[in-house]
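First the proteins, then the strands, lettered A, B, ... as listed; each starts at 1.
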Protein chains: 2
Amino acid sequence: MKIERTDDRGTIDRRVARTRALLQDALIALIPERGYASITVEDICQKANIGRSTFYTHYTGKDELRSATLEAHLHSLSRRVSADEKTGNRLFEFSLPMFEHARAFRSLHHALLSSSGDTIHDQLRERIRRAVRTELTPKRIGDTGVPIEFAVQFISGAFLAVLAWWIAEQSRLSPTQIDDFFQKMAAQGVGLLGISSSDIKPARR
Amino acid sequence: MKIERTDDRGTIDRRVARTRALLQDALIALIPERGYASITVEDICQKANIGRSTFYTHYTGKDELRSATLEAHLHSLSRRVSADEKTGNRLFEFSLPMFEHARAFRSLHHALLSSSGDTIHDQLRERIRRAVRTELTPKRIGDTGVPIEFAVQFISGAFLAVLAWWIAEQSRLSPTQIDDFFQKMAAQGVGLLGISSSDIKPARR
DNA sequence: AGCAGTCCCGGACACGGTGTCCAATATGAT
DNA sequence: ATCATATTGGACACCGTGTCCGGGACTGCT
């Protein structure tokens, strides 16, 4: 099923690595230009100077290339996160490294987040959800009746939206600033903004 | 550009209305079965018992049909929201009507939210963002430095994620319950869950 | 340097979906 | 009943996909 193309010792042929890198770069470069949907395999190959038949020996199609690209960078990111000390005394530790990575690979994130194709968003979203869930689960829940999964969806949805916005808007704020805002708002909600709780009234009926 | 097909007095031919309704229903019915991406115009027409050439007299393609479907229901929803009293003393008034509508038209929302094609999510998201923005803008902002637009992205992202999750998960909770959770968490963040603020520490470095 | 194994190329092919056109027919509006 | 307009199905060219193959180029190993 999966194309690995490694030899007995797990090393990868230089040509293979070169080809894949070229294809991934070409896709990332193309997405901002024309939008993911309208890009064809032909386009990618032309940009990458790769034969179309070669493309299909590596990927089954456009979607798999996109997915593999995301996966590759997510992997390098997770190495980066676990390299940092996991203190465990701070909420949402994935946040800052993610923002930093997003800034470092801005064009990549911009390309992937803006083009919300069927699978790609789910792929990223599931990763984020997992991270949030593991951070939230061990915490004690009060008597509010809010299900854990609700909170997980709430926080991860907010995170992704903020990330996409920050990346799209030229990222004028620094990663630490964005992280700071996110942490505070995740912890305190709009109450943080100084909106008095008297604004919050029970719904009609 | 836009196909209107209304007569001088603005009335719509019954045949047109019938055809469009059939096509929209067919699409909604088809999405859960096979996923939006793999559906062809031919499929839709077959399900709707409509000639393929007729399809193209109404819509330029699959995407426009999907977009028009969303727009139509969003329109009926907004009529519903404005019918309710706009008290203005409650945050995020769009929330409850939206949850109620989502439950009433569950299959529709499920179909549209799950298949996050390129444009559809943006379309819905922009609507939500607008609603949040108008509610947040007039409020006073404290000295936290959090930009309004950040808060808008945060809240609308959280809302959409929660909505999609709730719809996908059989909607076991009632609209009022979900709305209640959303309102509380939007107002107070995870602090609501009884997570002590001592868990929130400044980031390393 | 030489060899074997692997990869890349490019051209060809069948296939399926798209979007457009038209003349014939059916159906709603008045 | 008559007219205007919608629908129909079939035909058409076009484009992107996915697959195959033989010739040539490159890599890794000795």
Side-chain angles (χ1 to χ4, degrees), chain A residues 1-27 30-31 33-69 115 117-120, chain B residues 1-27 30-31 33-68 115 117-119:
Chain A
M1 189 91 265
K2 217 176 169 197
I3 304 169
E4 274 299 345
R5 214 165 287 271
T6 60
D7 82 358
D8 301 338
R9 286 186 294 282
T11 61
I12 301 177
D13 191 309
R14 283 182 193 172
R15 287 168 292 181
V16 173
R18 188 184 72 101
T19 299
R20 294 187 180 174
L22 282 172
L23 287 174
Q24 297 194 359
D25 291 348
L27 177 64
L30 239 34
I31 290 179
E33 292 178 22
R34 342 222 311 229
Y36 178 76
S38 72
I39 297 174
T40 72
V41 172
E42 180 72 45
D43 295 332
I44 301 170
C45 293
Q46 199 167 338
K47 188 92 171 185
N49 266 319
I50 296 292
R52 202 167 65 88
S53 45
T54 305
F55 178 97
Y56 284 107
T57 67
H58 291 284
Y59 304 103
T60 62
K62 216 182 22 161
D63 289 350
E64 194 180 276
L65 172 61
R66 167 155 61 32
S67 179
T69 306
S115 74
D118 255 353
T119 48
I120 207 71
Chain B
M1 190 87 270
K2 216 177 168 196
I3 306 169
E4 274 300 345
R5 213 165 288 272
T6 61
D7 85 0
D8 301 337
R9 287 187 294 285
T11 60
I12 300 178
D13 192 309
R14 282 183 193 171
R15 288 170 292 183
V16 174
R18 187 186 72 102
T19 299
R20 292 189 181 173
L22 283 173
L23 287 173
Q24 297 193 0
D25 290 349
L27 177 63
L30 239 33
I31 290 179
E33 291 179 22
R34 342 221 312 228
Y36 178 76
S38 73
I39 297 175
T40 72
V41 173
E42 180 71 44
D43 295 333
I44 300 171
C45 294
Q46 199 167 339
K47 188 92 170 186
N49 266 318
I50 296 292
R52 202 165 65 90
S53 40
T54 305
F55 178 98
Y56 285 108
T57 68
H58 292 284
Y59 305 102
T60 63
K62 214 180 26 158
D63 288 351
E64 195 180 275
L65 172 61
R66 172 161 48 37
S67 179
S115 74
D118 255 352
T119 47

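In this structure, Leu65(B) places its CG atom 16 Å from C1' of dG17(C), rounding to the nearest Å. Distance CD (Glu42(B)) to P (dC15(C)): 18 Å, rounded to an integer number of Å. The CZ atom of Arg20(B) sits 14 Å away from the C1' atom of dT7(D) (whole-angstrom rounding). Rounded to whole angstrom, the span from the CZ atom of Arg18(B) across to the C1' atom of dT5(D) amounts to 14 Å. We find that CG of Asp63(B) is positioned 11 Å from P of dT18(C), with the value rounded to whole Å. The interatomic distance linking Ile39(B) (CD1) with dG16(C) (C1') rounds to 17 Å, in whole Å. What separates CD of Glu64(A) from P of dT17(D) is a distance of 14 Å, to the nearest Å. Rounding to whole angstrom units, CD of residue Gln46(B) and P of dT18(C) are separated by 13 Å.
With rounding to the nearest 0.5 angstrom, the CD1 atom of Ile50(B) is 5.5 Å from the CZ atom of Arg18(B). Residue Asp43(B) holds its CG atom at 3.0 Å from OG1 of Thr40(B), rounded to the nearest 0.5 Å.
Side chain of Lys62(B) to backbone of Tyr36(B): a donor-acceptor contact under 3.5 angstrom is found.
Considering all non-hydrogen atoms of both residues, Phe55(A) and Cys45(A) come closest at CB-SG, 3.7 Å. Nearest heavy atom pair, residue Leu23(B) against residue Leu65(B), reads O-CD2, 3.9 Å.
No more than 12 heavy atoms of other residues, nucleotides or ligands shown are found within 6.0 angstrom of CZ on Arg14(B). Atom CZ of Arg34(B) is surrounded by more than 12 heavy atoms from other residues, nucleotides or ligands within 6.0 Å.
Residue-level contact check: Thr54(A) touches the bases, meaning some heavy atom is under 4.0 Å from a base atom. Among the protein residues, Asn49(B) comes within range of the sugar-phosphate backbone only, with heavy atoms under 4.0 Å from sugar or phosphate atoms but none that close to a base. Arg15(B) comes within 4.0 angstrom of a base, heavy atoms only.
Taking only side-chain nitrogens and oxygens, His58(A) comes nearer than 4.0 Å to OP1 or OP2 of dC8(C).
If you find the closest nucleotide of DNA chain C to Arg14(B) and to Asp43(B), the one lying nearer the 5' end belongs to Asp43(B).
Set against dT17(D), dT18(C), dC9(C), the side chain of Thr40(B) has dT18(C) as its closest nucleotide.
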Tell me, for nucleotides 19-24 of chain C in 5' to 3' order, what letter each nucleotide earns: B for a base near a protein heavy atom under 4.0 Å, S for only sugar-phosphate near one, - for neither?
BBB---
